[in-house]
Amino acid sequence: MAIVDRRGRGDMRPWAFVAPALLWTIAFFCVPFAVMAVVSLWERVGTELVASWSFANYAKFFARGHFLQAMLNSLEVTLIVTVLSILLAYPLAWILAEKVPPRWQRIGLVCAILPFWTSYVVRSYAWVLVLANNGVVNQALQGVGLVDEPLSLANSRTATIIGFVHFFVMLLTLTIYANLVQLPKNYRRAAADLGAGSVATFVHIILPLTLPGIMVGAFLTFVLCIGDYITPQILGGNSELVMPQLIMLQIGRRADFPTASALAILLMVVVTLVYVACARWLKLERA
Amino acid sequence: MTSAGIDIRGVTQRFGSFVALDDVSLQIGQGEFAVLLGPSGSGKTTLLSIVGGFLVPQAGNVSIGGEDMTLVPPAKRPTTTVFQDYALFPHMTILANVGFGLRMRGVGRRERDRKAEEMLSLVGLGGQGRKKPHELSGGQRQRVALARSLAVDPAVLLLDEPLGALDMKLRRQMQEELKRIQREVGTTFVHVTHDQEEAMAIADRIVVMNGGRIEDDGPPERVYLRPRSRFSADFMGLSCFLAGTIAHIEAGRARVLTAAGDILVEEAGSWRPGDRVTLSIRPEHFHTEPGEDGRQSLGQAVVESVSFLGTHHQAKVRHTEDDGFRATVLLPQTGEPRPGDRIGLWVRPDTPVILGR
Amino acid sequence: MRAGQGMRIGNILAAFYAAAIYGFIFLPVVVLVLFSFQDGRFPIPPFQGFSLRWYEELLADRRLTAALVNSVFVALLSSAAAVTLGFLAAYGLARFRLPGAGLQKALLVAPLTVSYLIIGMGLLITFNAIGFPRSLLAAGIGHVVINMPLCFAIVFSQMGEHQANAERAARDLGAREWQVLALVTVPMMWPSLFASFFLSMTFSWDEFIISFLLTRFDVTLPVEIWNMLRSGLNPKTNAAGSLVFGISVVLVLMLELTVLRRRRPA
């Protein structure tokens with residue numbers, strides 16, 4: 001036991017440290033959120049917002065096929081991206097942690113996530129260059145004679161998924177790697193000592209212990225992916241809208257803030273539900 | 001240098017449902033080297049935190065040098081603290097660390113550096129002021145922490161298990177250093193430890209704590225030889241305990257009936273005939289042969305295990321008559337006691353201590 | 001012997017796999033940067049020769065350079081604000097017992113779980129309602145909202161018991177609260193403060209959607225690049241993108257070299 005200090009309860013000084021950040025969060029995060037919630041119950045008449053207090057905007061979501069379709073598209077894309085990214089990133093993280101000599105691991109990792117630091121806009125634009133009808137991929141495929149006609153890769157859901165997977169493979173490599181290297185080396189030695197082969201060691205020891213890292217990464221992927229506007233807008237085009245595109249359409253073209261707010265809140269509800277499910281599952285894992 | 005006494009009265013501190021200190025009162029004299037000794041959770045560090053001002057007790061008060069300090073923050077008290085992990089500022093040089101307290105008191109750079117250098121010489125680190133903490137060994141960091149706390153001339157120096165992180169040899173060496181420095185500066189030292197050997201080596205006075213209460217309090221010799229509680233006897237070195245009943249008392253001596261025979265014990269204290277008591281006997285107070293110094297037989301015992309400790313053999317024995325009576329006995333360096341050997345047990349009347357059940 | 005062979009095949013497979021994924025990760029960046037030097041009108045194969053003319057055009061473009069300066073300003077100021085607020089909150093919550101500390105922490109990191117689009121939209125509607133104009137200041141406020149939780153979390157996680165003891169020692173030796181902060185806590189926390197500042201810088205520098213929603217006449221670089229996209233594939237856009245990427249990489253490498261390198265020996 002070391003020296004502890006707990007001075008009187010009436011001490012107001014600590015509040016001076018915490019208050020600025022709290023007030024900032026309340027003013028620019030909580031209040032806007034409350035405003036959004038209120039506005040979602042209003043309606044747009046002409047160019048004015050009228051306080052009509054109804055759930056009409058939410059009802060619209062369930063009534064209009066293409067609204068519901070956008071949510072389904074969002075969930076589908078996000079799910080595919082999350083699973084694909086984990087499947088692609090895990091082996092890379094494992095190779096970095098196990099096969100690469102320790103002094104090179106850091107460099108390998110920094111390289112693996114370097115393009116992560118490009119802005120969304122630039123990264124998506126770069127993929128358009130790669131996937132365009134006369135872009136690098138198509139010209140290469142035609143050059144070696146694999147296809148005669150250019151594949152229409154850009155402006156499709158495939159392009160959106162490629163763009164997303166590119167980003168999240170980097171993110172997940174980072175989180176899974178971080179989890180792998182903090183596992184004590186002796187776990188592996190102990191398992192081997194007790195007669196487990198490398199596959200058995202992986203299945204029974206390594207994988208269960210890295211599940212939390214995977215889950216954290218998967219949750220981050222889910223949240224960031226389902227809320228992103230840029231990647232689907234630039235790479236996917238307007239054919240199969242996802243929620244953020246739909247929301248931006250309400251704001252941009254029609255200045256319909258009530259509908260946009262309702263859609264944003266519905267999107268948040270979905271994310272929260274996933275979070276609750278994840279949190280519960282993670283806790284069960286730990287127990 | 002100034003020095004001050006400490007007066008702690010009726011201090012109680014709870015953390016949730018855990019009672020860290022239960023109505024503790026303690027007076028420590030000016031210039032005394034006091035050691036708070038106890039196992040973890042005994043409340044010794046909490047008491048130190050309260051004296052240092054890091055914690056305001058829920059009840060009771062603390063005065064230092066005759067002034068009530070209960071509500072005074074650490075900076076305004078005439079105390080400084082040497083922390084368990086030394087808490088040196090890693091980004092400052094040794095000299096800047098030692099001079100920090102003086103800087104806070106508005107002392108100019110030149111005077112500050114002079115004083116800091118003087119303190120570093122006192123702790124045996126003269127001329128090392130330009131180094132950073134990470135360039136020093138554990139023992140050296142310990143000395144810097146000591147110099148830093150002493151540089152502001154505190155009336156009371158509080159030490160929170162300061163030697164805990166050092167290896168055994170360095171620890172013994174630092175104990176002597178601490179004692180020398182304390183004599184030189186004359187400051188009141190209050191030192192917390194769970195190591196009873198350390199406590200005996202350095203203290204003028206040992207305060208044994210357990211479960212938020214003071215179990216015993218006195219000079220090391222008294223606390224070791226005549227402990228006031230069973231806990232104190234057990235915590236301060238090895239002891240064996242023998243249950244008995246006081247038969248009668250004459251001229252301050254008690255005759256105690258035990259399963260191993262009845263024996264005469266000097267210093268009956270305030271016990272009365274019929275009291276159920278425990279006799280505490282140190283391993284070095286058992287004799288294995290009769291002698292002329294009033295030794296009384298406690299019957300025979302069988303050796304169960306032996307370990308050789310260099311200066312002697314230490315044997316764990318079981319009494320042949322009373323199966324509940326197990327003792328640790330010191331046997332001579334020479335000779336080879338083995339498990340299964342039978343030995344006789346004798347004690348002098350002046351060595352056992354009568355304690356409550 | 002057979003085990004050794006299996007190992008070797010495993011290593012070869014691993015190398016192939018790593019190469020493929022690295023290829024996938026770097027493909028768009030390489031294409032982007034390569035064709036920013038295209039000596040031709042389209043950033044698509046074949047590569048017609050090396051030229052810097054798109055970069056020259058970029059620097060001659062007033063709107064673009066103005067956007068670049070705006071971005072730097074917004075990134076610097078919003079990161080400074082985010083680190084300051086985050087650090088103070090972390091200090092308060094790590095060192096003192098406050099009622100509802102758990103709730104306060106949850107509130108402070110809550111913006112991390114909400115998409116930038118929704119944060120930006122909420123601010124847009126609120127600012128519209130109170131008549132606060134769309135501007136760089138509005139975007140900066142948004143960037144503080146998204147970066148402060150990160151700064152708070154990083155600094156809070158690094159506030160250990162060891163630093164707490166050093167602060168106690170300083171207080172014990174007579175330092176006032178502001179002296180403890182300025183002379184002990186900030187210098188000791190320097191690596192994490194530096195790290196959170198640089199991380200905020202990169203996030204603010206790359207951020208698009210909040211800036212897009214909250215700025216109007218003066219815009220940040222990602223928004224200006226978005227505007228350029230309307231003209232279709234163009235090597236000048238490549239040059240702008242390469243520039244943004246280059247600056248981000250410099251920021252990240254600085255972070256890596258200064259903070260993370262220094263932290264390791266300690």
Side-chain angles (χ1 to χ4, degrees), chain B residues 15-16 45 48-49 51-55 72-93 96-107 112 116 132-135 141 144-154 156-162 165, chain C residues 83 87 90-103 154-197 257-266:
Chain B
F15 297 120
T45 302
L48 197 77
S49 305
V51 176
F54 298 100
L55 204 58
V72 178
K76 303 246 167 71
R77 294 191 183 209
T79 60
T80 50
T81 301
V82 176
F83 291 85
Q84 195 171 8
D85 62 355
Y86 317 145
L88 298 181
F89 309 131
H91 54 289
M92 296 183 193
T93 62
N97 261 286
V98 177
F100 187 84
L102 298 168
R103 183 175 168 197
M104 293 301 107
R105 283 159 177 73
V107 176
R112 200 157 88 203
K132 289 275 189 78
H134 66 87
E135 296 173 73
R141 284 182 215 179
V144 174
L146 194 62
R148 183 175 70 180
S149 296
L150 286 172
V152 294
D153 287 342
V156 174
L157 186 73
L158 307 172
L159 303 106
D160 179 24
E161 308 218 10
Chain C
V83 172
F87 165 72
Y91 180 77
L93 283 168
R95 294 294 183 257
F96 302 95
R97 277 163 192 275
L98 289 169
L103 196 71
I154 292 174
V155 177
F156 187 80
S157 72
Q158 295 298 319
M159 286 215 165
E161 198 41 39
H162 181 68
Q163 281 112 325
N165 261 348
E167 288 158 11
R168 263 175 221 139
R171 234 170 262 139
D172 185 42
L173 292 167
R176 289 157 199 274
E177 206 57 48
W178 68 267
Q179 286 173 313
V180 173
L181 271 183
L183 298 175
V184 178
T185 313
V186 168
M188 284 182 88
M189 298 298 297
W190 199 236
S192 1
L193 293 175
F194 214 62
S196 24
F197 181 76
L257 289 178
T258 54
V259 182
L260 302 176
R261 180 113 330 155
R262 221 191 310 158
R263 202 183 290 171
R264 247 177 293 164

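In what follows, chains carry the letters A, B, and so on, assigned in the order in which the sequence lines appear, proteins first and then strands, with residues in each chain numbered from 1.
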Quiz prompt | Top contributor to chain C contacts, counting heavy-atom pairs under 4.5 Å, from T79(B), L88(B), L102(B) | solution = T79(B)
Quiz item: By a 4.5 Å heavy-atom criterion (distance strictly below it), what part of A164(C) contacts chain B: side chain, backbone, both, or neither?
Solution: neither
Quiz item: Taking the side chain as C-beta and beyond, is there a heavy-atom pair between F54(B) and D172(C) under 4.5 Å?
Solution: yes
Quiz item: Could you give the distance from CE (M188(C)) to CE (M92(B)), rounded to the nearest 0.5 Å?
Solution: 9.5 Å
Self-check item: Side-chain heavy-atom pair T81(B), R168(C) within 4.5 angstrom cut-off
Solution: no
Practice problem: Examine whether an atom of H91(B) lies under 4.5 Å from a heavy atom of chain C, and if so say whether it belongs to the side chain, the backbone or both; otherwise answer neither. | Solution: side chain
Quiz item: Any side-chain heavy-atom pair from E161(C) and D85(B) closer than 4.5 angstrom?
Solution: no
Quiz item: Has the side chain of R176(C) got a donor or acceptor atom that lies under 3.5 Å from a matching backbone atom of M104(B)?
Solution: no
Quiz item: CZ/F89(B) to CD/Q163(C) distance, rounded to the nearest 0.5 angstrom?
Solution: 12.0 Å
Exercise. Please name the pair of heavy atoms, one in G174(C) and one in A75(B), separated by the smallest distance, quoted to 0.1 Å.
Key: CA-CB, 3.7 Å
Quiz item: So what's closer than 4.5 Å to chain C heavy atoms on R103(B): side chain, backbone, both or neither?
Solution: side chain
